[in-house]
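Ligands are counted one by one from 1 in listed order, and the atoms in each one are counted from 1 as well.
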Amino acid sequence: MVNSGYVKWFILFGVLCSCVDGLGVNWGTQATHKLPPGTVVQMLKDNGITKVKLFDADEITMNALAGSGLEVMVAIPNDQLLFMNSYDRAKQWVRRNITRYNFNGGVNIKYVAVGNEPFLTSYNGTFLNTTFPALQNIQNALNEAGVGNNIKATVPLNADVYGSPTDNPYPSFGRFRSDINGLMTQIVQFLDTNKAPFTVNIYPFLSLYGNDDFPFNYAFFDGATPIVDSGTGIQYTNVFDANFDTLVSSLKDVGYGNMPILVGEVGWPTEGDKNGNNGNAFRFYSGLLSRLAANKGTPLRPGYIEVYLFGLLDEDAKSIAPGSFERHWGIFKYDGQPKYAIDLSGQGQNSLPVGAKGVEYLPQKWCMFNPDAKDLSKLSDNINYACTFADCTALGYGSSCNSLDANGNASYAFNMYYQVKNQDELACNFEGLAKVTTQNISQGQCNFIIQIYSYSSSLRPSLAGLAFVLVLTLLAL
Ligand SMILES: *[C@@H]1O[C@H](CO)[C@@H](O)[C@H](O)[C@H]1NC(C)=O
Ligand SMILES: *[C@@H]1O[C@H](CO)[C@@H](O)[C@H](O)[C@H]1NC(C)=O
Ligand SMILES: *[C@@H]1O[C@H](CO)[C@@H](O)[C@H](O)[C@H]1NC(C)=O
Ligand SMILES: *[C@@H]1O[C@H](CO)[C@@H](O)[C@H](O)[C@H]1NC(C)=O
Ligand SMILES: *[C@@H]1O[C@H](CO)[C@@H](O)[C@H](O)[C@H]1NC(C)=O
C-alpha cells in the first residue's frame with residue numbers, strides 16, 4: 001500500500017524540482033575499517049541516491065542491498081577475468097552472484113561491470129586478451145539464465161582507451177587508441193548487439209594533476225575560457241564535456257555513434273594534492289550536479305547522462321601508486337560523515353548531506369609522540385613503519401596536516417597506526433617513542449582521528465566479554 005500523502009508530495013516535488021534523475025555513486029570498500037553495509041545503504045537512501053556501483057558482489061553487501069530498491073552494478077575484479085574465460089565458470093558466477101538475488105525483495109541488479117579499467121596503459125596489456133572473452137561469457141550466461149534483457153554486462157574503461165589529449169587535440173578528432181582499436185571495435189559491436197551501454201570513467205582532476213599547463217578553470221564547469229573544436233566549431237567550456245565528446249567521436253569512428261554511454265566514475269578528491277581540497281571538490285560537484293539536474297548533457301549528446309560519482313567514502317587501504325589523493329575520493333569521510341555542504345539533488349541548496357547514522361567509534365584515545373623520549377635515532381624508521389601500514393597522506397604537500405612540526409608529524413603517523421590497530425596498546429609503543437593520551441591532540445585543520453568499530457574486523461569489547469563469560473560458563477558445566 002503506497003501512502004497517498006507521499007504520492008501527492010512526490011508528484012508536487014516531481015513538478016517543481018528538476019533534480020538529478022537517478023544519481024549513482026561508487027561504493028568502494030578498500031578501507032581498514034568498514035561501516036556496516038546496512039548503515040551505508042540507509043545513508044544512500046537518506047541522500048536520495050538511487051543507483052550504486054560496487055567493485056565486487058560481496059555477499060554481505062548484497063544482502064544489505066536486498067529489498068532496498070536501489071539499482072546495483074556489481075563487478076568482476078580484473079584478477080578474475082581470466083577465470084571468466086571459461087564459460088562454465090562464467091555461468092557459475094552468474095548463478096552465485098546474480099540470479100541468486102533475483103527474487104521478490106532481492107537485489108535490483110542492472111549491470112555487471114566486467115573488470116575495472118582493464119586496458120589502462122599502466123597494466124602493460126595484462127588484461128588485453130582476457131577482457132573481451134569474459135564480457136562475452138558473462139553476457140551470454142546472463143542471457144542463458146533468462147535475465148539478459150534486464151541485466152547488461154559492460155566494461156568500465158578509463159578515458160585512456162581513446163588516447164591522450166595530444167592524440168585527440170579536439171573532441172571531434174576522437175579515435176580509440178591505435179594499439180586497441182580492433183579490440184575496442186569488437187567490444188563495441190558486442191555491447192551494441194546486447195543493447196548494453198559503454199561505460200567510461202572521466203577524471204577532470206587527473207587532467208589537472210601533474211600538468212601545470214592545464215587551464216585550471218577548464219577542469220570545472222564555470223569560468224573557463226572556451227576552447228573551440230577546429231573540426232566542428234563547437235565551443236567547449238569544460239574538460240568533462242570535451243572528454244565525453246571525444247568518446248562519442250571515437251564510437252562514431254567505429255560505426256556506433258549513438259551507443260548509450262554511462263559515466264562509471266567521476267569525482268574530485270579532498271586531500272593528497274595541492275588541488276585536492278574541499279573547496280575544489282565542492283566547486284566541481286556543484287557544477288556537475290546542476291548540469292545533471294538540468295539534463296544538459298554535452299554538445300554532441302544533449303540530454304540525460306547516467307552518472308556514478310566517485311566515490312561515496314574515503315578508503316584508507318587503497319594503493320597510493322596513482323597518487324596520495326587516491327584514499328580521499330569520498331564525498332563522505334571514512335566514518336560516513338559529510339566533508340562539505342553540497343546539494344546532491346543539484347538544486348544548489350547546499351547543506352551538509354545526511355551522514356551515516358549510529359556510527360560507533362573506538363574510545364577517545366589517541367597515540368602521540370612521547371616528548372620525554374631520549375633516543376630519537378629510530379624516529380624516522382618508526383614513522384615510516386607506521387605510514388607503511390596506515391594512511392599518512394594527509395601529511396603531504398597541499399594536505400590538511402602539512403603544516404605540523406616534526407613532533408606533530410610523528411604523533412600523526414603513530415596515531416593513524418594505533419587507530420588502524422584498533423587502539424591495541426602494543427601498537428602505541430614505537431620503541432618507547434610513543435604514548436597513549438586521552439586528550440584530543442588535533443591541531444587546526446588537521447584532525448587526529450578516532451577510528452570506528454569495523455563491522456568485520458573486530459569483536460567489540462562487549463561481545464568479547466560476552467564470549468568470555470560464555471566460555472567460563474561452558475567450562476563450569
Ligand atoms: C560471487 O559469489 C561467491 C559466492 O558467494 C563469492 O565467493 C564471490 O566472492 C562472489 N564474487 C565476487 C566478485 O564478489
Ligand atoms: C608495467 O611495466 C613497467 C615498466 O616495465 C613496470 O614498472 C610496471 O610494474 C608494470 N606494471 C604492471 C602492472 O605489470
Ligand atoms: C595475448 O595474446 C597474444 C596473441 O596470442 C600474445 O602474443 C600475447 O602474449 C598475449 N598477452 C598476454 C598478456 O597474455
Ligand atoms: C612532516 O612530514 C611531511 C610529510 O612527510 C613533510 O613534508 C614535512 O616536511 C614534515 N615536517 C617536519 C617539520 O618535519
Ligand atoms: C578533536 O578535535 C577536532 C578539532 O577540534 C575535532 O574536529 C574532532 O571532532 C575532535 N575529535 C573527537 C573524537 O572529539
K.L.:
Do Thr270 and Lys339 have side-chain atoms, one donor and one acceptor, less than 3.5 Å apart?
P.N.:
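Result is yes, a qualifying pair exists.
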K.L.:
Got a list of side-chain donor-acceptor pairs under 3.5 Å for residues 71-85, not counting sequence neighbours?
P.N.:
from  : atom 1 : to     : atom 2 : distance (Å)
Glu71 : OE1    : Lys51  : NZ     : 3.4
Asn78 : OD1    : Asn116 : N      : 2.7
Asn78 : ND2    : Asn116 : O      : 3.0

K.L.:
Are side-chain N/O atoms of Ser86 and Asp88 paired as donor and acceptor at under 3.5 Å?
P.N.:
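Result is no, nothing qualifies.
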K.L.:
Short question: side chain of Trp268, backbone of Asn275 - any donor-acceptor pair under 3.5 Å?
P.N.:
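The answer is yes, because a donor-acceptor pair under 3.5 Å joins these two groups.
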K.L.:
Give a yes/no on ligand 1: does Ile76 have at least one heavy atom closer than 4.0 angstrom to it?
P.N.:
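No; Ile76 lies far enough from ligand 1 that no heavy-atom distance drops under 4.0 Å.
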K.L.:
Could you pull out the N/O contacts under 3.5 angstrom between ligand 5 and the surrounding protein atoms?
P.N.:
from     : atom 1 : to     : atom 2 : distance (Å)
ligand 5 : 2 (O)  : Asn440 : OD1    : 3.4
ligand 5 : 2 (O)  : Asn440 : ND2    : 2.3
ligand 5 : 11 (N) : Asn440 : ND2    : 2.9

K.L.:
What about the rings of Trp329 and Phe205, do their centers lie closer together than 6.0 Å?
P.N.:
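They qualify: ring centres under 6.0 Å apart.
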K.L.:
Which of the numbered atoms in ligand 1 are below 4.0 angstrom from a heavy atom of Ala75?
P.N.:
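Taking each heavy atom of Ala75 in turn, ligand 1 has 13 (C) under 4.0 Å.
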K.L.:
At under 4.0 Å between heavy atoms, is it the side chain or the backbone of Arg100 that contacts ligand 1, or both, or neither?
P.N.:
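Arg100 to ligand 1: side-chain contact only, backbone stays beyond 4.0 Å.
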K.L.:
Output the list of atoms in ligand 1 that are nearer than 4.0 Å to some heavy atom of Asp56, sorted by atom number.
P.N.:
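What qualifies from ligand 1 is 14 (O).
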K.L.:
Where the side chain of Glu117 meets the backbone of Pro156, is there a donor-acceptor pair that is under 3.5 Å apart?
P.N.:
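The answer is no, because no donor-acceptor pair under 3.5 Å joins these two groups.
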K.L.:
Output yes when the distance from some N or O of ligand 1 to some N or O of Pro77 is under 3.5 Å, and no in every other case.
P.N.:
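So ligand 1 has no N or O lying under 3.5 Å from an N or O of Pro77.
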K.L.:
Give a yes or no on whether the backbone of Tyr340 and the side-chain of Asn278 come within a donor-acceptor separation of less than 3.5 Å.
P.N.:
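Pair absent, no side-chain N/O of Asn278 close to backbone of Tyr340.
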K.L.:
Could you tell me whether Val74 approaches ligand 1 through its side chain, its backbone, both or neither, with non-hydrogen atoms closer than 4.0 Å?
P.N.:
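Contact part for Val74 vs ligand 1: neither.
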K.L.:
Keeping Ser442 on the side-chain end and Asn447 on the backbone end, is there a donor-acceptor pair under 3.5 Å?
P.N.:
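Answer holds: no.
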K.L.:
If the cut-off is 4.0 Å to any non-hydrogen atom of Asp58, which atoms of ligand 1 fall inside it?
P.N.:
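Reading through ligand 1 atom by atom, the close ones are 14 (O).
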K.L.:
Go through ligand 1 atom by atom and flag the ones less than 4.0 Å from a non-hydrogen atom of Ala57.
P.N.:
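Those qualifying, in numeric order: 12 (C), 13 (C), 14 (O).
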K.L.:
At less than 4.0 angstrom from any non-hydrogen atom of Glu59, what atoms of ligand 1 do you find?
P.N.:
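Near Glu59, meaning under 4.0 Å from one of its heavy atoms, ligand 1 has 5 (O).
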K.L.:
Just by distance, do the side chain of Asn280 and the backbone of Gly276 share a donor-acceptor pair under 3.5 Å?
P.N.:
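No; judged by distance alone, with no hydrogens or angles, the pair does not exist.
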K.L.:
Ignoring hydrogens and angles, tell me if any N or O in the side chain of Ser411 forms a donor-acceptor pair with the backbone of Phe369 under 3.5 Å.
P.N.:
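Flag set: sc Ser411 to bb Phe369 pair under 3.5 Å.
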K.L.:
Report yes if Gln80 has an N/O atom closer than 3.5 Å to an N/O atom of ligand 1; otherwise report no.
P.N.:
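N/O-N/O distance under 3.5 Å: no.
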K.L.:
For ligand 2, which atoms, with element, lie under 4.0 Å from some heavy atom of Asn124?
P.N.:
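Taking each heavy atom of Asn124 in turn, ligand 2 has 1 (C), 2 (O), 3 (C), 8 (C), 10 (C), 11 (N), 12 (C), 14 (O) under 4.0 Å.
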K.L.:
Report yes or no: do Asp273 and Tyr397 form a side-chain donor-acceptor pair below 3.5 Å?
P.N.:
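Side-chain D/A pair, Asp273 to Tyr397: absent.
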K.L.:
For ligand 1, which atoms sit closer than 4.0 Å to a heavy atom of Trp93?
P.N.:
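The atoms of ligand 1 under 4.0 Å from a heavy atom of Trp93 are 11 (N), 13 (C).
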K.L.:
Side chains of Gln139 and Asn143: is there a donor and an acceptor less than 3.5 Å apart?
P.N.:
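Asn143 and Gln139 do have a side-chain donor-acceptor pair below 3.5 Å.
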K.L.:
Against heavy atoms of Ser122, which atoms of ligand 2 measure under 4.0 Å?
P.N.:
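Answer for ligand 2: 11 (N), 12 (C), 13 (C).
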